[in-house]
Amino acid sequence: MYIYDSSKKTKLKFESIIPDKVTMYVCGPTVYDDAHLGHARSSLSFDMLFRTLKAIGYEVKYIRNFTDVDDKIIAKMKDIGKSLLEITEFYTQRYLNEMDALGVQRPTVSPKATESIEAMENMISSLLKKGFAYQISNGDVYFNTSKDTKYGSLSHMVNDDTISRIEAISEKKNPKDFALWKATNEFVSFDSILGKGRPGWHIECSAMIEKYTDGTAEYSIDIHGGGADLLFPHHENEAAQSRCATGHELAKYWMHNGFVQVDGEKMSKSLGNSFFLKDALNSYDGEVLRFYLTSVHYRNDFNFNEIDLLNSKKRLDRIYRLKKRVFDQTSSKPTERFVQKMLEAMTDDLNISIALSVIDSMAATANEKLDITPNDKNLKKETRANIEFISHLLGFGEKEPFEYFQIGIDEDMKAKIEELLGQRSEAKKAKDFKLADSFRDKLTSMDILIMDTANGTLWEKLT
RNA sequence: GGGGCCAUCGCCAAGUUGGUAAGGCCGUAGAUUGCAAAUCUGCUAUUCUCCAGUUCGAGUCUGGAUGGCCCCUCCA
């Protein structure tokens, strides 16, 4: 396995801290609003990593948190007059449902920040004790970035703060110092050894990583991931507080996925042009979205638009058409060379482009052979096994093929289609091709594509 | 103002250690078909935004220009 480490800015051979075991932590969502395409991409990127690591034999512990206490959630509470729990439970469930629709496998552990306050207190206390943190007059606790000699080494942000867009809080010792604990009694607060208050954002990940993993003398976990925007300051801060509190580095490898733009424009909360996943799922099948969103390498920027989505769907369709051809057989063993090439691609920093081209070439070969010997059982079994391998590794092609091409068709519509097909076939029998074609035209206008095969006429819903 | 990333065929998109441009869509010719669709086969970038340099050799390295994006503010 090779992984691009965004801290070292180079592709590295992956060597897990403990042989055959991997611990990966990915920053999950703050549950105060619906998930957008960016959340989907991040989740999908690390789902691919999770699946690939498992496929090559690692025992993987995958942790993805839910930030369920935060200023934005509190703002929402004030806004809509609901409790913290009502809001966070609602959006957590929504998030999980939508990720399920995308075929994202559930992480091994999904901790919530509010369930780990004690772990955060302990880490903050330890930082105070060791002199890496300080308390200001209102009771807030800040991390002192100037005490960490390695601060900035992760993101390579120069530790020179002469110009910054952030308005300095007067009592902060350095502009980049960040809040570990906010002393407050307002709305949401926890009793702690630091007094009443709530944690800052960065501390939760560090504390939960310590709580849910064992770590070694050198590192807490193997891989830490998240969106590219989290590299600074979020991950830099996590790395700093962790190393100062525990005496070892937080993660051996850092991975960041690229941004999603919509029709060439940045999607952001402040611009108000977030493309919600729920809206996308309303228009397109989850698997079609999954295929499209993962078809570009995870580190590149992704420009979401409908034309590209529809084009990428055609590639997915091919997998399902092949699956239709081998529908009547159970699977045997996948082709060795195919498996090997697929794994070779995915273990090269998740090179999905190569993996997809390997699939295309497998499909072309299988189709060619099936054209010659349509009833070759062994060939069908092997092809089916290949498709199941794709499903397993990449999460594509899991559906029953006939259902895949009939998504969005209700019973009435189906009956209507069957009726028209019947009429067409009778016209064909009578050699009245003009009449037969008129039925086909009718189906085409209903967005139904038909194809005559040796086993009768098949149909597919277009788009 | 500071830091970083990217720029490959009409469109999407691979291409660590420099060695002579994957794949998909579209288009096109053919096989197949009553005609289609599906499927298969052939063709489709002497060239990688531009300029200069290093080199026997550069899409890949260096410098510069242009364009796009990200971070430094909540953000995946």
Side-chain angles (χ1 to χ4, degrees), chain A residues 2 4 6 9-13 26-30 32-33 35-46 70-72 75 152 155-158 160-167 175-176 201 225-234 236 256-261 264-271 274 292 295-297 299-301 303 305 307-315 317-318 321-322 324-325 345 348-349 351-361 363-372 428 431-434 436-437 440-441 444 449-453 457-460:
Chain A
Y2 286 84
Y4 181 88
S6 35
K9 296 186 183 186
T10 181
K11 205 190 279 184
L12 300 170
K13 186 161 173 48
V26 173
C27 290
T30 301
Y32 73 105
D33 202 354
H36 56 224
L37 294 177
H39 292 106
R41 168 114 119 129
S42 177
S43 211
L44 249 11
S45 299
F46 292 102
D70 170 272
D71 289 352
K72 296 186 293 292
S155 64
H156 307 284
M157 289 296 286
V158 185
D160 164 350
D161 298 298
T162 46
I163 297 141
S164 169
R165 283 152 56 192
I166 322 164
E167 208 176 314
K176 280 181 176 158
W201 175 37
D229 53 334
L230 297 182
L231 180 58
F232 188 88
H234 187 52
E236 186 72 60
H256 293 91
N257 64 274
F259 255 58
V260 178
Q261 286 159 251
E265 276 187 49
K266 179 196 157 105
M267 176 179 68
S268 83
K269 283 166 192 173
S270 51
L271 289 175
S274 293
Y292 176 47
S295 66
V296 175
H297 187 87
R299 268 190 283 125
N300 288 168
D301 281 342
N303 184 18
N305 69 80
I307 295 168
D308 291 349
L309 183 148
L310 263 19
N311 281 341
S312 95
K313 179 179 179 296
K314 291 180 185 177
R315 227 170 167 177
D317 290 348
R318 270 168 54 89
R321 288 210 185 92
L322 181 61
K324 273 205 268 193
R325 299 186 78 172
D348 183 13
D349 195 34
N351 194 329
I352 190 74
S353 284
I354 299 292
L356 293 180
S357 74
V358 172
I359 292 174
D360 286 328
S361 128
T365 307
N367 275 319
E368 189 182 4
K369 287 184 184 165
L370 285 165
D371 281 352
I372 300 164
K428 270 180 67 179
K431 302 267 182 207
D432 187 348
F433 295 118
K434 221 173 185 177
D437 287 349
R440 180 167 61 201
D441 290 345
T444 306
L449 182 73
I450 64 171
M451 37 198 74
D452 294 327
T453 74
T457 303
L458 303 180
W459 61 274
E460 296 178 0

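Heavy atoms only: backbone and side chains are in, while hydrogens, waters and symmetry mates are out. Note on naming: letters A, B, ... go to the chains in the order of the sequence lines (proteins, then strands), and numbering restarts at 1 for each one.
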Closest to the A:A364 side chain: B:C74, B:A76, B:C40? B:C40

Touch class at under 4.0 angstrom, heavy-atom based, for A:F232 against every strand present: sugar-phosphate

Answer with base, sugar-phosphate or nothing: what part of the nucleic acid does A:K9 contact at a heavy-atom distance below 4.0 Å? sugar-phosphate

Between the base of B:C25 and the side chain of A:D360, is one N or O donor paired with an acceptor at under 3.5 angstrom? no

In 5'-to-3' order, the base (B), backbone-only (S) or no-contact (-) status of each nucleotide in nucleotides 27-32 of chain B, using a 4.0 angstrom heavy-atom cut-off, is ------

Students often get this wrong, so: under 4.0 angstrom with heavy atoms, is A:L449 touching a base, only sugar-phosphate, or nothing? sugar-phosphate

From the options B:C35, B:A76, B:C74, select the nucleotide whose nearest atom is closest to the side chain of A:S42. B:A76

Base paired to B:G27 (Watson-Crick or G-U; both N/O distances under 3.5 angstrom): B:C43

Name every donor-acceptor pair, under 3.5 Å, that has one atom in a side chain of residues 351-359 of chain A and the other anywhere in the protein, sequence neighbours excluded.
| residue | atom | partner | partner atom | Å |
| --- | --- | --- | --- | --- |
| A:N351 | OD1 | A:S353 | N | 3.4 |
| A:N351 | OD1 | A:I354 | N | 3.2 |
| A:S357 | OG | A:I354 | O | 2.8 |

Between A:K13 and A:Y2, is NZ or CZ placed under 6.0 angstrom from the six-membered ring centre and within 45° of the ring axis? yes

Considering only nitrogen or oxygen atoms on both sides, find all protein atoms under 3.5 Å from nucleotides 11-15 of chain B and state each distance.
| residue | atom | partner | partner atom | Å |
| --- | --- | --- | --- | --- |
| B:A13 | O2' | A:S353 | OG | 2.9 |
| B:A14 | OP1 | A:H297 | N | 3.4 |
| B:A14 | OP1 | A:N300 | OD1 | 2.8 |
| B:A14 | O5' | A:S353 | OG | 3.3 |
| B:A14 | O3' | A:N351 | ND2 | 3.3 |
| B:G15 | OP1 | A:N351 | ND2 | 3.4 |

Ignoring hydrogens and angles, are the base of B:A36 and the side chain of A:R440 linked by a donor-acceptor pair under 3.5 Å? yes

Heavy atoms under 4.0 Å, any strand shown: does A:I450 hit a base, just sugar-phosphate, or nothing? base

Examine the base of B:A76 for any acceptor or donor lying under 3.5 Å from a partner atom in the side chain of A:H36, and report the outcome as yes or no. yes

A:D229 side chain, from C-beta outward: closest of B:C75, B:C72, B:U39: B:C75

To the side chain of A:T30, which of B:C40, B:A76, B:C74 is closest? B:A76

With respect to the side chain of A:D371, which nucleotide from B:C40, B:C71, B:A38 is positioned closest? B:C40

